[in-house]
K.L.:
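Just dropping this structure here.
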Amino acid sequence: MKVVIVGGVAGGATAAARIRRLDEQAEIVVFERSGFISYANCGLPYYIGGVIEDPEDLTLQTPESFWQRFRIHMKVHHEVTAIHPDRKTVSVKNLESGEEFEESYDKLLLSPGAKPLWPKLPGMESCKLFTLRTVEDTFRIRDFVDQNHPKSAVMVGGGFIGLEVAENLRHLGLDVTIVQRPKQLMNPFDADMASFIHAEMRKHGVKLALGYSVEGFEEKSSGIDVLLKDTAPLHADMVVLAIGVTPESTLAKEAGLALGMKDSILVNDRMETSAPDIYAVGDAVQVKHYVTGQDALIALAGPANKQGRIAADNICGGDSRYLGSQGSSVIKVFDMTAATTGINETNARKSGLDVDTVILSPMSHAGYYPGGKVMTMKVVFEKGTYRLLGAQIVGYDGVDKRIDVLATAIHAGMKATELKDLDLAYAPPYSSAKDPVNMAGFMIDNISRGLKQWHLVDADKLPRDGSVTLLDTRTPGEYNRGHIDGFKNIPVDELRERIGEIEAGKKVYVICQSGLRSYIATRILEGYGFEAYNFAGGFRFYDAVMNDRALVENAYSCGMDK
């Protein structure tokens, strides 16, 4: 059996090695148009910032090491220019010599990945405008920085690559501004949770220009202008464009293979395309979202590797199936970690799901053990069924551990109420006897038993005419440092003695700093016959989100984040 693989990074390299492990006699040829195979794509921004010092550390394997260990022909600087399914060959061009030839196959695997979006805007030809997708892109940016010593940069785009490049350029001492059309960074997160990411970026000196449309670029002798709609341009020494990616499906399209959303390659759960003996994996393919079952494009290394293994199994006569992508991801944002899995509240509602959320601010480990840090968790679940749909966490310690537990729970089909039953490891330096994941489960279980909540979206809608009682149960000192207008302050520890100050027959909307004291207050109020609602997230959460919204709106109206 002869297998030809187009693309040698995550999916292609994984499939090649797996095929060899399953079939020692197979002839395996991989064509990669760049000069590198099996490289650490996710590590590229950290080479720009000098965190990864040796460029060889970016390369997980070389053509020589692949041949030595697996006897796989890794042909770099070879571009596949056409697929001929009728005669089971591909056209190939050697980019170094210019030679063109055809290569036959018994099985063909497409792993072309995705390409950065490159909009048709004025000034895109500027040598001071960069994108980041390959090792070569990384070297171009690093060389420009080393040779020209830029003092400022504009990042166009606020996704994973945008934030990682922004952080690494700040580490080099550049003045960095992120500009993009959406009014929040990191769309996998809900806007309220993105507020904490915004705060961390600002804390480290990154300026945010959110809600702006880029209309072009204009190179100057002193740098480059980023032209914005309805406001003055941003000037910098360099620009990095990271507004997203699109499936690299040109070969599949020209060969007549069936395509899906945004011209992605259509595959079944065996990673088979519409053409016999042709498989496809990675960022170029359309998948099913594991939570919603809807078609999705999820460009992440984890799914690509799994798909490569599954395709390899099936190429070798097996019957492996891809269950769908869940979108689990994590990102370092300076000192903060932000992670997500499943779907967020925004997308859940867009999908037509009836959802609720809990928001909590637990410590990363036992409060009495030194060094614990607060994290903010948001868990999304379906009303009625309590199906666990997704989670987002931002914090400084223990975030990745909790998101992986929640990702596993979603994959296992657990109900959100069952999070309380998980038996998780505990020692004071690592967790609490009631782990944050357990705490989320306790909160959702309380809701299933009748506990009522109110949310941030309700804050401005609550009547201030006395028809309901608005109650802040923090200490007077906390209350005086900031509170929501219209809320009466009765500390939770004084509530029983002062219960007469709350008018009978009125609903009571309760808030505290984190949600714990207000929860206790709602239980007390229920014991006295009141209908009480606890605020999801506490004043800490409310204050962070509202401050961020004010900063974003102020920046939008003034033309720059302050």
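We use all heavy atoms of the structure for the numbers below, so side chains are in, but hydrogens, waters and symmetry mates are not.
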K.L.:
Quick check for you: to the nearest 0.5 Å, what is the distance between Ile410 atom CD1 and Ser328 atom OG?
P.N.:
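One gets 7.0 Å once the value is rounded to the nearest 0.5 Å.
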K.L.:
Check whether His365 reaches the backbone of Gly372 with its side chain - one donor and one acceptor, N or O, closer than 3.5 Å.
P.N.:
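At least one qualifying donor-acceptor pair exists.
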K.L.:
Do the side chain of Asp356 and the main chain of Lys383 share a donor and acceptor less than 3.5 angstrom apart?
P.N.:
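Flag not set: sc Asp356 to bb Lys383 has no pair under 3.5 Å.
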K.L.:
Sequence neighbours excluded, which residues qualify as ring pair (Phe, Tyr, Trp, His ring centres under 6.0 Å) partners of Tyr47?
P.N.:
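Listed in chain order: Phe139.
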K.L.:
For the atom pair OG1 (Thr417) and CD1 (Ile444), what is the distance rounded to the nearest 0.5 Å?
P.N.:
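Reported to 0.5 Å precision, the distance equals 7.5 Å.
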K.L.:
Rounded to the nearest 0.5 Å, what separation is found between the CG atom of Leu353 and the CD1 atom of Ile343?
P.N.:
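The distance works out to 5.5 Å.
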K.L.:
If we only count heavy atoms from C-beta on, is the Met201 to Leu185 side-chain gap below 4.5 Å?
P.N.:
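SC-SC contact between Met201 and Leu185 confirmed.
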K.L.:
Can you label the angle between the Trp454 ring and the Phe487 ring as parallel, tilted or perpendicular, going by 30° and 60°?
P.N.:
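Ring orientation, 0 to 90° scale: parallel.
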K.L.:
For the side chain of Thr473 and the backbone of Ile511, is there at least one donor-acceptor N/O pair under 3.5 Å apart?
P.N.:
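Confirmed, Thr473 side chain pairs with Ile511 backbone.
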K.L.:
What's the separation between atom OH in Tyr533 and atom NE2 in His455, rounded to the nearest 0.5 Å?
P.N.:
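Atom-to-atom, Tyr533:OH and His455:NE2 are 11.5 Å apart.
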K.L.:
Let's go through Glu345 and Arg349 carefully: what are the C-alpha distance in whole Å and the side-chain angles of both, what is the deciding distance for salt bridge (charged side-chain N to carboxylate O under 4.0 Å, His left out) to 0.1 Å, and is it a yes or a no?
P.N.:
CA-CA 6 Å; Glu345 180 185 8; Arg349 295 190 185 282; 3.0 Å; yes
K.L.:
Without swapping roles, check the side chain of Gln453 against the backbone of Ala536 for a donor-acceptor pair under 3.5 Å.
P.N.:
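No, because the side chain of Gln453 does not come within donor-acceptor range (under 3.5 Å) of the backbone of Ala536.
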K.L.:
Does a side-chain N-to-carboxylate-O contact under 4.0 Å join Glu553 and Arg549?
P.N.:
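Salt bridge between Glu553 and Arg549, a charged N being under 4.0 Å from a carboxylate O: no.
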K.L.:
Closer than 3.5 angstrom, by distance alone: can the side chain of Ser152 be matched with the main-chain N or O of Asp237 as a donor-acceptor pair?
P.N.:
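Between the backbone of Asp237 and the side chain of Ser152 there is a qualifying donor-acceptor contact (under 3.5 Å).
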K.L.:
Between the side chains of Arg309 and Thr14, is a donor N or O closer than 3.5 angstrom to an acceptor N or O?
P.N.:
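Not at all, the side chains of Arg309 and Thr14 share no donor-acceptor pair under 3.5 Å.
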K.L.:
Do Gln326 and Thr341 have a side chain donor and acceptor closer than 3.5 Å?
P.N.:
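Indeed, the side chains of Gln326 and Thr341 share at least one donor-acceptor pair under 3.5 Å.
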K.L.:
Look only at the side chain of Ser514 and the backbone of Ser361, and say whether a donor-acceptor pair between them is shorter than 3.5 Å.
P.N.:
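Looks like no, no N/O pair under 3.5 Å.
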K.L.:
I'd like to know if Lys183 pairs up with Asp548 as an ion pair, taking the criterion as any Lys NZ or Arg NE/NH1/NH2 lying under 4.0 Å from an Asp or Glu carboxylate oxygen.
P.N.:
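Answer for the salt bridge query: no.
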K.L.:
Compare every heavy atom of Ile48 with every heavy atom of Arg142, then report the nearest pair and how far apart it is.
P.N.:
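Minimum heavy-atom contact is CD-O, 3.8 Å.
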K.L.:
For His204 and Phe334, take the angle between the two ring planes, folded into 0 to 90°, and tell me which bin it lands in: parallel under 30, tilted 30 to 60, perpendicular over 60.
P.N.:
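The arrangement is parallel - the two ring planes meet at less than 30°.
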K.L.:
Would you confirm whether Glu382, through its side chain, and Val355, through its main-chain N or O, come within 3.5 Å as a donor-acceptor pair?
P.N.:
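Absent.
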K.L.:
Is a side-chain N or O of Ser364 found less than 3.5 angstrom from the main chain of Lys373, in a donor-acceptor match?
P.N.:
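Yes: the side chain of Ser364 pairs with the backbone of Lys373.
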K.L.:
Salt bridge check: are Lys332 and Glu167 linked by an N-O gap of less than 4.0 Å?
P.N.:
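Looking at Glu167 together with Lys332, the answer is yes, because their closest N to O distance falls below 4.0 Å.
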K.L.:
For a quick check under 3.5 Å, do Arg540 and Gln513 share a side-chain donor-acceptor pair by atom type?
P.N.:
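Absent: no donor and acceptor within the cut-off.
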K.L.:
Check the pair Ser518, Asn534 against side chain to side chain donor-acceptor pair (under 3.5 Å), reporting the backbone distance first and the verdict last.
P.N.:
CA-CA 6 Å; Ser518 53; Asn534 186 26; 2.4 Å; yes
K.L.:
Evaluate whether atom NZ of Lys415 has more than 12 neighbouring non-hydrogen atoms of other residues, nucleotides or ligands under 6.0 angstrom away.
P.N.:
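At most 12 heavy atoms, drawn from other residues, nucleotides or ligands, come within 6.0 Å of this atom.
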K.L.:
Crowded around Arg321 CZ? As in, over 12 foreign heavy atoms under 6.0 Å?
P.N.:
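Check passes, neighbour count above 12.
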K.L.:
Mind listing the side-chain donor-acceptor pairs of residues 422-431 below 3.5 Å, one per line with the distance, residues two or more places apart or on another chain?
P.N.:
unit_1	atom_1	unit_2	atom_2	d
Tyr426	OH	Tyr368	OH	3.0
Ser431	OG	Arg402	NH2	3.2
Ser431	OG	Asp435	OD1	2.7

K.L.:
Between the side chains of His483 and Asp472, does any donor sit under 3.5 Å from an acceptor?
P.N.:
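The answer is no; no qualifying pair exists.
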K.L.:
Please report whether the ring centroid of Phe144 lies less than 6.0 Å from that of Phe130.
P.N.:
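Yes - the distance between ring centres of Phe130 and Phe144 falls below the 6.0 Å cut-off.
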K.L.:
Is a side-chain donor or acceptor of Asp190 paired with a backbone partner of Asp192 at a separation under 3.5 angstrom?
P.N.:
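Flag not set: sc Asp190 to bb Asp192 has no pair under 3.5 Å.
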K.L.:
Distance under 6.0 Å and angle within 45° of the ring axis: does Arg474 meet both against Phe539?
P.N.:
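The answer is yes, since Arg474 meets both limits relative to Phe539.
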K.L.:
Inspect the surroundings of NZ in Lys350 and state if more than 12 heavy atoms from other residues, nucleotides or ligands are less than 6.0 Å away.
P.N.:
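At most 12 heavy atoms, drawn from other residues, nucleotides or ligands, come within 6.0 Å of this atom.
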K.L.:
Is the number of heavy atoms from other residues, nucleotides or ligands within 6.0 Å of NZ (Lys434) greater than 12?
P.N.:
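Counting other residues, nucleotides and ligands, NZ of Lys434 stays at 12 neighbours or fewer.
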K.L.:
Using modelled atom types and a 3.5 Å cut-off, is there a donor and acceptor pairing between side-chain atoms of Thr337 and backbone atoms of Val333?
P.N.:
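No.
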K.L.:
Are the charged groups of Asp175 and Lys151 less than 4.0 angstrom apart, N to O?
P.N.:
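Looking at Lys151 together with Asp175, the answer is no, because their closest N to O distance does not fall below 4.0 Å.
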K.L.:
For Arg449, look at atom CZ and say whether over 12 heavy atoms of other residues, nucleotides or ligands are found less than 6.0 Å away.
P.N.:
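Counting neighbours around CZ of Arg449, 12 or fewer heavy atoms of other residues, nucleotides or ligands fall under 6.0 Å, so no.
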K.L.:
If every non-hydrogen atom of Val379 is compared with every non-hydrogen atom of Ala440, which pair is closest and at what distance?
P.N.:
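Where Val379 meets Ala440 most closely, the heavy atoms are CG2-CB, 4.0 Å.
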K.L.:
State plainly whether the residues Asp485 and Arg464 are in salt-bridge range, i.e. N to O under 4.0 Å.
P.N.:
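Between Arg464 and Asp485 there is no salt bridge, as every charged N stays at least 4.0 Å from the carboxylate O atoms.
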K.L.:
State, with a plain yes or no, whether a side-chain heavy atom of Leu208 is found less than 4.5 Å away from one of Arg202.
P.N.:
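Sidechains of Arg202 and Leu208: in contact.
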K.L.:
Can you tell me how far OH of Tyr519 sits from CG of Leu451, rounded to the nearest 0.5 angstrom?
P.N.:
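Leu451 CG to Tyr519 OH: 6.5 Å, rounded to 0.5 Å.
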K.L.:
Quick one: side chains of residues 292-302, donor-acceptor pairs under 3.5 Å with protein atoms, not counting sequence neighbours, listed by atom name and distance.
P.N.:
unit_1	atom_1	unit_2	atom_2	d
Thr292	OG1	Gln294	N	3.1
Asp295	OD1	Gln286	NE2	3.3
Asp295	OD1	Lys288	NZ	2.7
Asp295	OD2	Gln286	NE2	3.3

K.L.:
Please check if any side-chain donor atom of Glu200 sits under 3.5 Å from a side-chain acceptor atom of Tyr396, or the reverse.
P.N.:
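Tyr396 and Glu200 do have a side-chain donor-acceptor pair below 3.5 Å.
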